[in-house]
Structure formats: C-alpha cells, structure tokens
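None of the values given here were measured: they were computed from a predicted structure. Residue numbers start at 1 and run along the sequence shown.
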Amino acid sequence: MISIAFDFSKIAAKLDIITKAAKEGARPAAQAGAEVFYQEVKQRVPMSAKPHKSGKKTYDPGTLRRAVYQAFADKESGDGKASYRISWNKSHAFYGRFVEFGTSRMAAKPFLRPAYDAARAKALQAVQERMAAEVRKATT
C-alpha cells in the first residue's frame, strides 16, 4: 500500500493572494477599458462647423465633444466588480440625444454604439492586460 500526503496550505495561500489582487484590481482594470471607450467616443462625436442655436443659447463647435465624460458607477460596483459610464453631460449639451438618435427633422449621427463596436476588442485587451499586471504585482 502506498500512502501520500500533500500539504495544500502554500497553494491555498497563493490562491488567496491572487483572489485578493483580482478583487482589488477590478476597478483599475475596468478604468483601463473605460478609457479606451472614452477616447473612441470623443473621436466619433460629430462636430458642427459653426456655432448653432437652440432657443436663446448658442453652442460653439465641439460643445458635445467637451461634454463627453467617463465616471465610476459606484452603485453598480462592488466586491470584485467595477463599472464605468461613458456618456455626455446633458446639462452642457442636452442635444446629444438628438445627434445620437435623430429626430423627425434630423437623421441620427450615432457615436456611442459605433464607438463601442469599434473599441470593444481593444478595451477588453486593456482590461485583461491591466488585471494581469495587478495580479503579477501582488504575486511577485
């Protein structure tokens, strides 16, 4: 009869370190992906050639582009999970929805979904690279 004993305590400790690093690395990894989307959205936002008016207010070219933001979504994030939002500030450029979705008098010029479609693979790669770096940093 053969008897084998194996001590899993070192492996378990290493796995605990990796798990903790992955949980703590969720936010920086998500931000790395969000940054890729953010830059792509900013590139794709249509910009008028001249100022335009809405009511009494005049909007300079690039107003919508400057209104684009990325923000950490605290309520949607938690233990090992992080979410970011990329959109435009409606109080600075309320008309962004008209540009994105169109109106009865204006064709849509979408920029959010096309940016997502174009940058998805690159953002995923950024997330994976950042998470790997976070885990590597904790395990070396």
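- With sequence neighbours excluded, the residues satisfying side chain to side chain donor-acceptor pair (under 3.5 Å) with Asn89 are Ser91, His92.
- Across all their heavy atoms, Pro51 and Thr58 have their closest contact at CB-CG2, 3.8 Å.
- At most 12 heavy atoms of other shown residues, nucleotides or ligands fall within 6.0 angstrom of atom NZ in Lys23.
- In terms of heavy atoms, Glu134 sits closest to Ala21 at O-CB, 4.0 Å.
- Considering all non-hydrogen atoms of both residues, Pro61 and Ser48 come closest at CB-O, 3.2 Å.
- Panel note: side chain Arg65, backbone Val45; a donor-acceptor pair is recorded below 3.5 Å.
- A distance of 10.0 Å separates CD of Glu40 from CG of Asp117, quoted to the nearest 0.5 Å.
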Hey, can you pull the donor-acceptor pairs under 3.5 Å for the side chains in residues 94-101, sequence neighbours left out?
unit_1 : atom_1 : unit_2 : atom_2 : d
Tyr95  : OH     : Leu64  : N      : 3.4
Glu100 : OE1    : Phe111 : N      : 2.7
Glu100 : OE1    : Leu112 : N      : 3.0
Glu100 : OE2    : Leu112 : N      : 3.4

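- Between Asp60 and Arg66, the closest side-chain pair of non-hydrogen atoms falls below 4.5 Å.
- Under a hydrophobic-cluster definition in which Ile, Leu, Val, Met, Phe, Trp and Tyr are linked whenever side-chain heavy atoms come within less than 4.5 Å, directly or via other members, Tyr84 and Tyr38 are assigned to different clusters.
- Between the CE atom of Met47 and the NZ atom of Lys42 there is a distance of 11.0 Å, given to the nearest 0.5 Å.
- The closest donor-acceptor contact from the side chain of Ser83 to the backbone of Ser77 lies at 3.5 Å or more, if one exists at all.
- Closest approach of Ile17 and Ala138 over heavy atoms only: CG2-O, 3.6 Å.
- Residues Leu15 and Phe8 share a single hydrophobic cluster, defined by chaining ILVMFWY side chains whose heavy atoms lie under 4.5 Å apart.
- Counting heavy atoms from C-beta outward, Gln70 and Gln31 have side chains that approach closer than 4.5 Å.
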Step by step, would you call Gln39 with Gln43 a side chain to side chain donor-acceptor pair (under 3.5 Å)?
CA-CA 6 Å; Gln39 294 301 328; Gln43 274 186 335; over 6 Å; no

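- Among residues two or more places apart in sequence or in another chain, the side chain to side chain contact (heavy atoms under 4.5 Å, CB included) test is passed with Lys20 by Glu24.
- Rounded to the nearest 0.5 Å, atoms CD1 (Ile18) and CZ (Arg136) are 12.0 Å apart.
- The shortest non-hydrogen separation linking Pro28 to Gly25 is CD-O, 3.3 Å.
- In plain terms, the two heavy atoms of Ala82 and Ala26 that are nearest each other are CB-O, 3.7 Å.
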